[in-house]
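Take a look at the structure set out below.
Being a predicted model, the structure only gives us computed values, none of them experimental. Numbered from 1 within each chain, the chains take letters A, B, ... in sequence-line order.
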There are 2 protein chains.
Amino acid sequence: MSRPYHHGALRDALLEQAQALLAEQGLSAVSLRELARRAGVSHSAPERHFSNRQALLDALTVRGFTLLAAAIRQALADHGDRPEDGFRAVARAYVSFALDNAALLELMFSSKAGHHDDAVASAAEDLFALTSGLVGESLGDKATTSVSPLRLVVVSTLQGIADLAAAGRIQPDEIDSVIDEAVSVFIPVLMHRRGQLA
Amino acid sequence: MSRPYHHGALRDALLEQAQALLAEQGLSAVSLRELARRAGVSHSAPERHFSNRQALLDALTVRGFTLLAAAIRQALADHGDRPEDGFRAVARAYVSFALDNAALLELMFSSKAGHHDDAVASAAEDLFALTSGLVGESLGDKATTSVSPLRLVVVSTLQGIADLAAAGRIQPDEIDSVIDEAVSVFIPVLMHRRGQLA
DNA sequence: ACCTGAACACCGTTCAAGT
DNA sequence: ACCTGAACACCGTTCAAGT
């Protein structure tokens, strides 16, 4: 028995280990050679699945966006009917992801100046549409097609709270009060806009 | 003449080159050996000034916080008297820094889980006090001592806008309208709170 | 006080060869 | 189709030695 010549699911195993390594020891510790070692294959076996280190990091990034989007969808599905409940639930899911996956979040939002991967771009776009859709939902269908400045402000605030929480600038015991404050700032503005549109 | 045995200002030269390399080719391109090459010294000369690569990155991070804080102070000094002018000027300075120094901003706000450098922590604290002080200024002296949730929401929004702009999720031509929207959301809230405190 | 040069253990990437 | 093993050029870090 032992391990067969073909690993069988090397690609998934590498990604799994990569996520763990990233969380435990940071981005610089995520090396193809170390991942190969942990998977029990030779140092050049990963090359079949990821043509270089960047390709592996891209796949990890896509995974991160997918996980975060799923967490946010779950939060939305579980929330109460009132707009402020949805907002609060999404903010909590976002921050919770940021605290549990700080290094992954950084990887997801690193700008990578000259870097353009289609799968990464589309996963990022999905998340962006989801969070900015929050605002559209509050405003009603009339406003869901345009990406208004207000949406971008709300998305920025969510992103900023998650960032500062992950960086420890917002302490764990302050998080709920900060989210509640954001809700109390934005909900009246959203309600007022909805009134104007009606 | 030529280059003397002692470089004379190697530390500053290394930091200067490091900032340029970071902006041009990203964090992974910032190697001690490449910096030594560019400075015209042996590969182990930098070790006198930075005991390891992390120490150099820490120094670069401190530089970043100092530069950003200076830009924000300048913006505050140049602004009009009205609170919304101050807010707008700071937001623009923040975003402008983020666009010009995307990789440096990432380095500054990377969480570095187990990483604690006193100089970095104190530079970060200075910036944080400066941006959150914005809100205190609007609220009057009564509120400047406590870090209220509202301050943290405002700081988060500034940080989020800068992040999303640097990552290209907010397009350059959308930035001014997003900043104006943030001003129009927060200024009435700040004015209202000030009224309650008076 | 500051810098050099050799040494060591790591890394990404490439490629002929094996199964 | 998938994996191995050797090779190459890079890197951070250490340390005895030079100026």
OP1 or OP2 of [N] less than 4.0 angstrom from a side-chain nitrogen or oxygen of [X], does that happen here?
X	N	result
A/R37	C/dC10	no
B/H49	C/dC3	yes
A/R48	C/dT13	no

Any strand: nucleotide that pairs with C/dC11 via Watson-Crick or wobble, under 3.5 Å: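 The base-pairing partner of C/dC11, which may sit in any strand shown, does not exist here.
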Complementary nucleotide of D/dT4, counting Watson-Crick and G-U pairs under 3.5 Å: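 Matched D/dT4 with C/dA16 under the 3.5 Å cut-off.
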Check: B/R53 and B/R33 side chains under 4.5 Å, non-hydrogen atoms: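 A side-chain contact under 4.5 Å is absent here.
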Whole angstrom value for the distance that separates [atom2] of [N] from [atom1] of [X]:
X	N	atom1	atom2	result
B/R38	D/dC11	CZ	P	11 Å
B/F50	D/dC11	CZ	C1'	18 Å
B/H43	C/dA6	NE2	P	9 Å
A/Q25	C/dC11	CD	P	11 Å
A/E34	C/dC11	CD	P	7 Å
A/L57	C/dC11	CG	C1'	14 Å
B/L32	C/dC11	CG	P	18 Å

Residue whose closest nucleotide on DNA chain C lies nearer the 5' end, A/E47 versus B/S44: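 Going by which nucleotide is closer to the 5' end, it is B/S44.
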hbond_proxy B/S31 side chain to D/dG12 base (donor-acceptor, 3.5 Å cutoff):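 Answer no: no donor N or O sits under 3.5 Å from an acceptor.
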Under-3.5 Å donor-acceptor pair between B/R33 side chain and D/dT13 base: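 Per atom types, the contact qualifies.
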Criterion side-chain contact (heavy atoms from CB on, under 4.5 Å) on B/R169 and A/E125, from CA distance to verdict: CA-CA 9 Å; B/R169 303 238 52 104; A/E125 193 55 50; 2.6 Å; yes
Distance-only side-chain donor-acceptor flag, A/T157 / B/T157, under 3.5 Å: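 Indeed, the side chains of A/T157 and B/T157 share at least one donor-acceptor pair under 3.5 Å.
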Donor-acceptor side-chain pairing of A/E181 and A/S184 below 3.5 angstrom: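 On atom types as modelled, these side chains qualify, holding a pair under 3.5 Å.
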B/D173, CG atom: more than 12 neighbouring heavy atoms under 6.0 Å: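 Yes, because the 6.0 Å sphere around CG of B/D173 holds more than 12 heavy atoms from other groups.
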